[in-house]
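Below is one structure; the comments refer to it alone.
Numbers restart at 1 for each chain; the letters A, B, ... are given by sequence-line order, proteins then strands. Computed from heavy atoms alone, side chains included, the values below leave out hydrogens, waters and symmetry copies.
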2 protein chains.
Amino acid sequence: MVEAGQTRKRRRRTQSAPTVADVARLAGVSPMTVSRVINREASVVEATRDKVREAIRALDYVPNAAARSLAGGRQSRIALLHSNPSASYLSEFLVGTLQEAGASDAQLVVEHCAGGESADVLAAKLDSHRVDAVLLPPPLCDDAALLAVLRDRGLPMVQIATGRAADFAHAVTIDDERAAHAMTRHLLARGHERIAFITGDTNQTASALRLAGYRRALGEAGRAAEPELVVEGDFTYRSGLAAAEALLARPSPPTAIFASNDDMAAAASAVAHRHGLDVPRQLTIVGYDDTPIATTVWPELTTIRQPIQDMARRGTQLLIAAIEAKRLGKAGSVRHECLDFELVLRESDGDRPRD
Amino acid sequence: MVEAGQTRKRRRRTQSAPTVADVARLAGVSPMTVSRVINREASVVEATRDKVREAIRALDYVPNAAARSLAGGRQSRIALLHSNPSASYLSEFLVGTLQEAGASDAQLVVEHCAGGESADVLAAKLDSHRVDAVLLPPPLCDDAALLAVLRDRGLPMVQIATGRAADFAHAVTIDDERAAHAMTRHLLARGHERIAFITGDTNQTASALRLAGYRRALGEAGRAAEPELVVEGDFTYRSGLAAAEALLARPSPPTAIFASNDDMAAAASAVAHRHGLDVPRQLTIVGYDDTPIATTVWPELTTIRQPIQDMARRGTQLLIAAIEAKRLGKAGSVRHECLDFELVLRESDGDRPRD
DNA sequence: GGTGCTTTAGTTAGCGCTAACATTACGGGC
DNA sequence: GCCCGTAATGTTAGCGCTAACTAAAGCACC
């Protein structure tokens with residue numbers, strides 16, 4: 001009879017991808033050292049590090065995310081709460097988040113969150129998904145009740161593009177005030193004197209900031225904002241239609257209209273055409289956000305572009321760091337970061353018409 | 001001296017979530033049985049199954065996805081390739097895909113894919129991400145070269161909303177021909193006789209199907225499509241503007257315009273307003289796709305809604321099944337599925353004006 | 001009553017990685 | 001020379017789950 005050591009090895013792996021062990025063998029080190037190289041730990045001498053990197057390249061090794069998070073006990077799960085009807089915003093946002101989440105092997109849970117929903121229902125949802133942190137794009141980032149619920153549960157969260165960052169939440173924003181200021185300055189530079197402004201929904205904190213930027217630029221140019229040139233909107237196309245009609249019905253209408261978002265700018269453009277006005281020859285119209293409608297309508301809108309993907313990516317990073325910190329029992333300071341916007345010049349703005 | 005069994009147990013778990021072992025203990029069964037219940041395996045008697053389910057509920061147990069995919073050796077990674085400028089489509093698509101991927105613990109990789117990119121570059125990207133299957137929303141679903149590359153690499157793929165399903169790829173579609181037919185019938189039912197049609201980009205397979213549906217409905221109503229009422233567009237707002245101008249400049253203009261997507265319908269609506277026409281009182285305009293612009297413009301567009309989330313979900317399911325089948329060495333037959341569309345009635349369609 | 005089959009449940013080992021500890025190598029101070 | 005400290009690497013065990021096997025129980029049939 002053969003010896004007992006003959007126990008048939010049960011194999012489950014078939015032909016799959018290389019593992020740390022394979023890399024370690026090729027590099028002549030232990031698997032642990034490979035792990036350390038992968039995780040960029042300091043305590044590996046450069047020579048060893050190079051050997052390992054070489055082996056990784058040779059084998060075309062990619063770490064197994066599942067094994068990492070299982071062994072590391074990490075397992076970050078981030079919820080993206082959205083109530084936002086703006087699908088384009090969401091999709092850019094998702095792409096940014098997914099990139100970052102993929103890189104840090106965090107899992108993303110996307111949850112639609114109707115405004116009226118009770119806090120308990122929401123909390124139950126988050127619990128059942130074992131959510132560790134929450135990403136809040138607008139307009140949810142400004143929902144005080146929601147923020148409070150999350151804070152009470154001790155969940156790290158990040159407000160994206162809010163105008164009023166809570167002191168217990170991370171935030172990634174652009175400077176709406178400065179962006180609106182820059183756009184207004186641009187219009188002034190093109191010679192416009194009667195510049196109208198269509199405001200956004202007053203419930204969203206960013207709206208006030210945009211108006212403030214507009215006002216400041218006018219003030220700096222030595223002229224006050226004429227009250228009759230500031231019309232209230234609520235970010236909808238419909239409200240833009242009404243606002244533009246009101247503006248163009250004035251005895252001395254503006255030569256430029258700055259709308260607080262692209263939907264309202266597109267509406268203003270439609271109204272202008274209905275009035276037989278040539279955009280931008282006779283009337284300049286600019287928007288804000290650079291959503292798809294900005295490049296859909298004709299002429300394409302000059303607007304302010306927010307780096308949505310970057311904001312999402314950065315927000316996700318902050319959350320992952322926060323989860324890590326929380327796990328280690330550290331407090332982890334709250335960060336408020338401000339990214340750069342971009343003034344996108346297209347075809348809807350022109351010089352002040354000579355009358 | 002104490003016995004050797006006294007070896008200090010190294011503990012890594014701290015206070016984390018319940019595991020199969022916890023559930024098993026509570027239910028009085030083995031962990032394996034719990035696993036079987038979770039995976040809905042047949043070989044567990046109803047009584048046992050109930051005990052386990054009860055314990056799961058009591059402990060509020062949620063399986064650890066990382067451990068499952070590590071142990072199960074599954075690890076599906078699905079790439080979503082997109083080149084599509086329509087962000088709204090993408091975001092709905094992403095939400096559907098993420099739901100399904102989350103449920104089956106598959107990982108999603110989102111890759112933007114410029115049209116001109118060489119096949120090698122793309123293939124390298126997919127390899128480096130260890131992609132197991134590919135999701136192809138329009139317009140990439142119609143890219144024959146791309147499809148060929150993927151087929152040659154033996155990757156399962158699913159074409160979403162294509163008009164021409166490849167015999168080597170899965171496909172999830174709606175019946176574009178039937179949808180266009182339904183919309184045209186709706187217009188006929190409202191009394192319209194001169195119904196114009198703005199076509200889509202002829203490179204996308206769905207375009208021809210939509211035109212065909214329109215033609216069939218007219219034919220069934222005993223009238224041929226008048227060639228002068230069919231104008232070519234390419235899915236852009238700009239092309240819709242030109243097409244609508246051409247149509248309304250006709251000696252006897254149409255009383256209804258059916259555009260092959262919402263962007264062009266919105267453009268037609270803008271042109272109508274510029275011509276002083278009341279929509280829908282004097283001119284009916286309908287679109288296709290139910291993208292956000294349909295509800296942004298005023299009046300809101302009557303259109304055809306595709307169940308994008310469902311299509312994404314179903315497509316993802318097909319891929320996961322295909323990956324599984326491939327892993328087991330089975331061929332796995334290619335499936336072409338057709339989901340239901342929805343005719344969304346809003347405010348842009350009306351009865352034929354009495355002249 | 002024994003043989004063989006099926007159905008249900010349990011055991012064991014291991015997926016790929018890394019935390020925690022162990023070891024080795026080396027340098028400096030007395 | 002010896003001890004100790006530090007830096008670099010190795011060893012061991014285990015994260016939570018499930019594939020693959022084993023065992024037990026039930027049943028049919030000769």
Side-chain angles (χ1 to χ4, degrees), chain A residues 7-25 27-52 56 59 61-76 105 107 130 324 327-328, chain B residues 5 7-25 27-52 56 59 61-76 104-105 107 130 324 327-328:
Chain A
T7 64
R8 172 150 65 94
K9 218 16 179 325
R10 295 196 217 166
R11 309 238 61 217
R12 264 155 82 177
R13 262 182 77 193
T14 40
Q15 32 61 57
S16 33
T19 73
V20 266
D22 299 321
V23 176
R25 212 170 307 121
V29 299
S30 78
M32 198 56 224
T33 301
V34 176
S35 169
R36 284 196 257 261
V37 172
I38 295 167
N39 292 294
R40 290 192 187 67
E41 282 176 37
S43 64
V44 181
V45 269
E46 201 51 33
T48 313
R49 194 179 293 272
D50 277 345
K51 272 191 304 184
V52 172
I56 287 177
L59 293 176
Y61 167 78
V62 178
N64 179 323
R68 294 183 79 182
S69 62
L70 180 57
R74 290 200 218 97
Q75 297 262 51
S76 308
D105 68 272
Q107 205 186 322
R130 298 223 182 297
E324 189 63 17
R327 213 158 262 160
L328 298 175
Chain B
T7 64
R8 172 152 65 96
K9 219 13 180 320
R10 295 197 216 165
R11 309 237 62 218
R12 267 156 80 177
R13 263 182 77 193
T14 41
Q15 34 60 58
S16 31
T19 72
V20 265
D22 300 321
V23 175
R25 210 169 309 118
V29 300
S30 78
M32 197 55 223
T33 301
V34 176
S35 170
R36 285 195 257 261
V37 172
I38 296 167
N39 293 293
R40 293 193 188 65
E41 282 176 38
S43 65
V44 181
V45 218
E46 202 50 34
T48 314
R49 193 180 293 270
D50 277 345
K51 273 193 302 186
V52 172
I56 287 177
L59 293 176
Y61 165 79
V62 179
N64 179 323
R68 294 182 78 181
S69 62
L70 180 57
R74 291 198 216 95
Q75 298 261 52
S76 308
S104 327
D105 67 273
Q107 207 185 323
R130 297 219 183 299
E324 189 64 15
R327 211 159 263 158
L328 297 175

For the residue pair [X] and [Y], what are the closest heavy atoms and their distance?
{"X": "B:Pro63", "Y": "B:Ile38", "value": "CG-CG2, 4.1 Å"}
{"X": "B:Gln107", "Y": "A:Ala65", "value": "OE1-CB, 4.5 Å"}
{"X": "A:Ala24", "Y": "A:Ser30", "value": "CB-C, 3.7 Å"}
{"X": "B:Asp22", "Y": "B:Thr19", "value": "OD2-N, 2.8 Å"}
{"X": "B:Ala27", "Y": "B:Val52", "value": "CB-CA, 4.0 Å"}
{"X": "B:Arg49", "Y": "B:Arg40", "value": "NH1-CA, 4.3 Å"}

Send over the distance from [X] [atom1] to [N] [atom2], rounded to a whole Å.
{"X": "B:Arg36", "N": "D:dC17", "atom1": "CZ", "atom2": "P", "result": "15 Å"}
{"X": "A:Asn64", "N": "D:dC17", "atom1": "CG", "atom2": "C1'", "result": "13 Å"}
{"X": "A:Leu59", "N": "C:dG16", "atom1": "CG", "atom2": "C1'", "result": "15 Å"}
{"X": "A:Leu70", "N": "D:dT18", "atom1": "CG", "atom2": "P", "result": "12 Å"}
{"X": "A:Met32", "N": "D:dA13", "atom1": "CE", "atom2": "C1'", "result": "12 Å"}

Do side-chain atoms of B:Arg36 reach the backbone of B:Glu41 as a donor and acceptor pair under 3.5 angstrom?
-> no

Can you tell me if B:Asp50 uses its side chain to pair, donor with acceptor, with the backbone of B:Ala47 under 3.5 Å?
->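 Flag not set: sc B:Asp50 to bb B:Ala47 has no pair under 3.5 Å.
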
DNA chain D-proximal residues of residues 37-47 of chain A, any heavy atom under 4.0 Å = A:Ser43, A:Val44, A:Val45

Between B:Val29 and A:Val20, who's closer to the 5' end of DNA chain C by nearest nucleotide?
-> B:Val29

If you pin B:Ala67 and B:Ser30 to their nearest nucleotides in DNA chain C, which one's is more 5'?
-> B:Ser30

Closer than 4.0 Å, any side-chain N/O of A:Ser35 to the OP1 or OP2 of C:dT18?
->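 So the side chain of A:Ser35 is within the cut-off, an N or O lying under 4.0 Å from OP1 or OP2 of C:dT18.
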
Hey, is the side chain of B:Arg68 poking within less than 4.0 Å of OP1 or OP2 on D:dT18, counting only N and O atoms?
-> yes

Which angle, rounded to 10°, do you find between the first-five-pair axis and the last-five-pair axis of the helix from C:dG1-D:dC30 to C:dC30-D:dG1?
->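 The two end axes of the helix from C:dG1-D:dC30 to C:dC30-D:dG1 meet at 50°.
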
Which part of the nucleic acid, if any, lies within contact of [X], taking any heavy atom under 4.0 Å across all strands shown: a base, the sugar-phosphate backbone alone, or nothing?
{"X": "B:Thr48", "answer": "sugar-phosphate"}
{"X": "B:Val34", "answer": "nothing"}
{"X": "B:Thr33", "answer": "sugar-phosphate"}

